[in-house]
Amino acid sequence: SASLPTPPTVEPLTFQAGDTFTFTKSLPDYPATDWTLTYNLRGQQSIDITATQSGTGNDFLISVASSTTAAWATGLYSIAGYVSALSSRFQIYGGALTITANLATAAGNFDNRTNAEKIVSALESVALSRASREEISYVNGLGISVQKMSHQEIIAALNYWKGVVANEKANVAISQGRGTGRRILTRFVGE
């Protein structure tokens, strides 16, 4: 019989809704026998995950069933991990997680753009004065009232959402072991 794959030991950068969300975390300074490990995701919705002890050692197992993750909304999330015991709490992780759509349940006319990409598209249409009522109402469905925005506000929102899209694409590239295309500047200072 086939054995289950070993969960990764680092927090993921991307995750497909509908899969089992699982990884292990080893924290020798905060043994699972004495500490509680939680992860909080904030983005399209709020998701809170409490880890369990993995085996008898210091390791934690973070695992959420696929039936639960199937309802997770797609998009870019901030994720933070905390250990706590008694009246102490310490952050042990902070980063970003992109949740992608469950392709197994996607419709034939599936739009694989993230919400941020859809917002950028609608704002670009408005900025070019070619937006249809459907595009404007779609953006309204995400909590943005484009009809009441000035041209400067539309451009500012467009720049913001383009930054969100760039971050999402960088996270995907990093998770696939590819470069982000971003320049890293360094300065060497002589003595």
Side-chain angles (χ1 to χ4, degrees), residues 1-107 110-119 142-143 163-182 184:
S1 78
S3 62
L4 294 174
T6 304
T9 57
V10 296
E11 292 82 353
L13 298 175
T14 62
F15 174 74
Q16 180 176 269
D19 285 352
T20 301
F21 184 79
T22 187
F23 62 95
T24 59
K25 189 74 176 180
S26 181
L27 300 168
D29 293 337
Y30 306 101
T33 53
D34 301 325
W35 293 82
T36 300
L37 174 62
T38 57
Y39 282 87
N40 305 118
L41 285 72
R42 299 296 182 263
Q44 303 301 317
Q45 65 190 90
S46 294
I47 301 169
D48 298 314
I49 304 165
T50 301
T52 59
Q53 184 176 343
S54 177
T56 58
N58 297 332
D59 295 347
F60 293 92
L61 174 64
I62 297 84
S63 186
V64 181
S66 60
S67 58
T68 300
T69 70
W72 287 3
T74 61
L76 181 64
Y77 288 75
S78 293
I79 178 173
Y82 300 94
V83 290
S84 58
L86 301 173
S87 61
S88 298
R89 183 185 90 157
F90 301 101
Q91 184 173 349
I92 54 92
Y93 180 78
L97 172 68
T98 301
I99 297 177
T100 60
N102 182 351
L103 296 180
T105 59
F110 173 66
D111 183 351
N112 70 343
R113 295 178 299 168
T114 65
N115 284 339
E117 289 171 324
K118 292 172 186 175
I119 291 170
L142 294 173
V164 170
V165 168
N167 286 338
E168 289 174 343
K169 288 182 178 184
N171 282 341
V172 169
I174 290 168
S175 72
Q176 295 173 344
R178 298 182 291 120
T180 63
R182 294 180 174 172
I184 299 174

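For the single chain, residues carry numbers from 1 onward in sequence order. Atom set for the values below is all heavy atoms of this structure, side chains included, hydrogens, waters and symmetry mates excluded.
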Taking all non-hydrogen atoms of both residues, which atom of Ser66 and which atom of Gly18 are closest, and how far apart?
-> CB-O, 3.0 Å

Would you say the side chain of Glu168 lies within less than 4.5 Å of the side chain of Thr14, judging by non-hydrogen atoms?
-> no

Before giving the answer on side-chain contact (heavy atoms from CB on, under 4.5 Å), spell out for Tyr77 and Gln44 the whole-Å C-alpha distance, their side-chain angles and the decisive distance to 0.1 Å.
-> CA-CA 7 Å; Tyr77 288 75; Gln44 303 301 317; 3.4 Å; yes

Measure the CH2-CG distance between Trp72 and Asp19 for me, rounded to the nearest 0.5 Å.
-> 10.5 Å

Classify the ring geometry between Phe21 and Phe15 as parallel (under 30°), tilted (30 to 60°) or perpendicular (over 60°).
-> perpendicular

Correct closest heavy-atom pair for Asn102 and Gln16 would be CA-CG, 4.0 Å

Enter the distance from Ile92:CD1 to Asp29:CG here, rounded to the nearest 0.5 Å.
-> 11.5 Å

Can you give each donor-acceptor pair under 3.5 Å made by side-chain atoms of residues 45-52, sequence neighbours left out, with the distance rounded to 0.1 Å?
| unit_1 | atom_1 | unit_2 | atom_2 | d |
| --- | --- | --- | --- | --- |
| Gln45 | OE1 | Ala73 | N | 2.6 |
| Asp48 | OD1 | Asn40 | ND2 | 2.6 |
| Asp48 | OD1 | Arg42 | NH1 | 3.0 |
| Asp48 | OD1 | Arg42 | NH2 | 2.9 |

Flag the pair Thr20 / Val64 as yes when at least one side-chain heavy-atom distance between them is below 4.5 Å, and no otherwise.
-> no

Side-chain heavy-atom pair Val83, Thr36 within 4.5 angstrom cut-off | no

Pairwise side-chain contact, Asn167 with Val165, heavy-atom cut-off 4.5 Å (strictly under) | no

Would you mind reporting whether Ile62 and Thr24 have side-chain heavy atoms less than 4.5 Å apart?
-> no

Can you find a pair of side-chain heavy atoms, one from Ile79 and one from Tyr93, that are under 4.5 Å apart?
-> yes

May I ask you to decide if Ala101's main-chain N or O and Thr74's side chain share a donor-acceptor pair within less than 3.5 Å?
-> no

Which atoms form the tightest heavy-atom contact between Leu76 and Ala96, and what is the distance?
-> CD1-CB, 4.0 Å

Partner residues of Tyr39 under the ring-ring contact (aromatic ring centres under 6.0 Å, His included) criterion, sequence neighbours left out | Phe23

Kindly compute the distance separating OG1 (Thr33) from CD (Gln53), expressed to the nearest 0.5 Å.
-> 6.0 Å

Nearest heavy-atom neighbours spanning Trp35 and Ser84 = CE3-C, 3.4 Å

Would you please test Leu37 and Tyr82 for side-chain contact (heavy atoms from CB on, under 4.5 Å) and show each step?
-> CA-CA 6 Å; Leu37 174 62; Tyr82 300 94; 5.9 Å; no

Run the side-chain contact (heavy atoms from CB on, under 4.5 Å) check on Thr22 and Leu61 step by step: do they pass?
-> CA-CA 7 Å; Thr22 187; Leu61 174 64; 3.7 Å; yes

I would like to know whether Ser26 and Asp59 meet side-chain hydrogen bond (donor to acceptor under 3.5 Å, both in side chains); could you show each step before the answer?
-> CA-CA 4 Å; Ser26 181; Asp59 295 347; 2.9 Å; yes

